[in-house]
Protein chains: 2
Amino acid sequence: MKKIIAKYRKRDFKLTPQRLAILKYLDGNTSHPTADDIFTNIKKAYPTVSFATVYNTLQALKEKGEILEVTIDYEKRHYDPNTAPHHHIICTECNKISDVFKDYSDSLMLPNEILKEFKTIGNHIDFYGICKECQKERGD
Amino acid sequence: MKKIIAKYRKRDFKLTPQRLAILKYLDGNTSHPTADDIFTNIKKAYPTVSFATVYNTLQALKEKGEILEVTIDYEKRHYDPNTAPHHHIICTECNKISDVFKDYSDSLMLPNEILKEFKTIGNHIDFYGICKECQKERGD
DNA sequence: TATCAAATAAGAATAATTCTAAATTAGATA
DNA sequence: TATCTAATTTAGAATTATTCTTATTTGATA
């Protein structure tokens, strides 16, 4: 946590107690929480925290490149403090999201007719599957 | 249109005038319309059509595998009558969506640690870029 | 310690989508 | 062709994630 404080002090980002709680919750978190997950957790220590604060903080962190917004779940956004390039796989039964650390960038050349029409910026791969727990439940 | 009618008559899908109008609008349409785009268009001929009808019809067509739901735009769903496997690229300025016809499936092997945890179902690649018109506007 | 721009809280607003319930209708059948 | 019924339509309310508003509070600098 001391590292976190030192890091943000310099960066035009006021360290309020609410923000520190959010940063602490996200630090090393691989569960891909939603804004609501974060809100619910922070509320334990700060019962009057508002959604606006959670969303504002996530927005600010996103703009600073400190977290990634994960859009694999079309119902709600998830957040990931791991900003290294990676992909995700989601369980279509329980919506659990896991990280996929593999670089596919060499394989994703666009066809020429697209390259003629678009200046490309990037891409995004999402995988779908059924996780072990859900396979068990379904008796697969 | 005669083909369309013949096709659906057999398939437990009542052909109401509203549904025919939606099918006609979607047939060969490569603009990736949203539910609202479809609603607005159908309204010209059927001023009392409701959103529920549009959404119900899209849902039914999706379940029959007659259209694809396109999720590249996180703000709203788009629909594509082309059900052949393909990908999309979206202009990050104007949100125009184009089709990418290229098969990348051989390149997208998942790492072993994921294969151990998930029975895989499929994947999805989205591309981001800036289209020609928007490049001009920005003076790129 | 005073200052003030930035952040917070509470709740209203927004927008896409889904739901509800009553009225209508496509298409099968007599 | 007329009747019947389950499926469909409609209008509008409800839902849900997210954004916005405004008055109040506060972190960090001078």
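So you know, we letter chains A, B, ... as the sequences are listed, proteins then strands, and number each from 1.
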In short, C91(A) meets I130(A) closest at the heavy-atom pair SG-CA, 3.9 Å
For a quick test of reading the model, state the closest non-hydrogen atom pair linking G28(B) to P81(B) and the distance between them. N-CG, 4.4 Å
Hey, are the side chains of Y128(A) and I90(A) touching, using non-hydrogen atoms and a 4.5 Å cut-off? yes
Measure the shortest side-chain to side-chain distance between Y8(A) and L61(A) over non-hydrogen atoms and say whether it is less than 4.5 angstrom. yes
Between C1' of dT26(D) and CD of Q18(A), the distance in whole Å: 10 Å
Take atom CZ of F39(B) and atom C1' of dG12(D), then tell me their distance rounded to the nearest Å. 12 Å
Taking only nitrogen or oxygen atoms into account, show me every contact under 3.5 Å that the protein makes with nucleotides 16-22 of chain D, one pair per line with its distance.
| from | atom 1 | to | atom 2 | distance (Å) |
| --- | --- | --- | --- | --- |
| dT18(D) | OP1 | R77(A) | N | 2.8 |
| dT18(D) | OP2 | Y55(A) | OH | 2.6 |
| dT18(D) | O5' | Y55(A) | OH | 3.2 |

If only side-chain N and O atoms of T16(B) are considered, is one of them under 4.0 Å from the OP1 or OP2 phosphate oxygen of dT9(D)? yes
Would you indicate what P47(B) reaches in the nucleic acid, counting non-hydrogen atoms under 4.0 angstrom: base, sugar-phosphate, or nothing? nothing
H32(B) versus D99(B), side-chain donor and acceptor atoms under 3.5 Å: yes
Using whole Å, what does the distance between atom C1' of nucleotide dA28(D) and atom CZ of R11(A) come to? 17 Å
Tell me: NZ of K14(B) to P of dA6(D), nearest whole Å? 10 Å
Locate the shortest heavy-atom distance separating L110(A) from L115(A); write the atom from each residue and the value. O-CD1, 3.5 Å
With a strict under 4.0 Å distance from non-hydrogen atoms of chain B, what nucleotide opens and what nucleotide closes the contacted stretch of DNA chain C, reading 5' to 3'? dA16(C) to dG27(C)
Restricting to non-hydrogen atoms, name the atom on V49(B) and the atom on F39(B) that form the minimum distance, rounded to 0.1 Å. O-CE1, 3.3 Å
Report the distance from atom CZ of F13(A) to atom P of dT26(D), rounded to the nearest whole Å. 18 Å
Quick one: closest heavy-atom pair of F13(A) and T57(A), and the distance? CZ-CG2, 4.3 Å
Taking for D12(A) and for L15(B) the nucleotide of DNA chain C with the nearest heavy atom, the one nearer the 5' end belongs to D12(A)
R19(A) vs dG27(D): side-chain N/O to OP1/OP2 distance below 4.0 Å: no
Can you confirm whether the side chains of N123(A) and H87(B) place a donor and an acceptor under 3.5 Å from each other? no
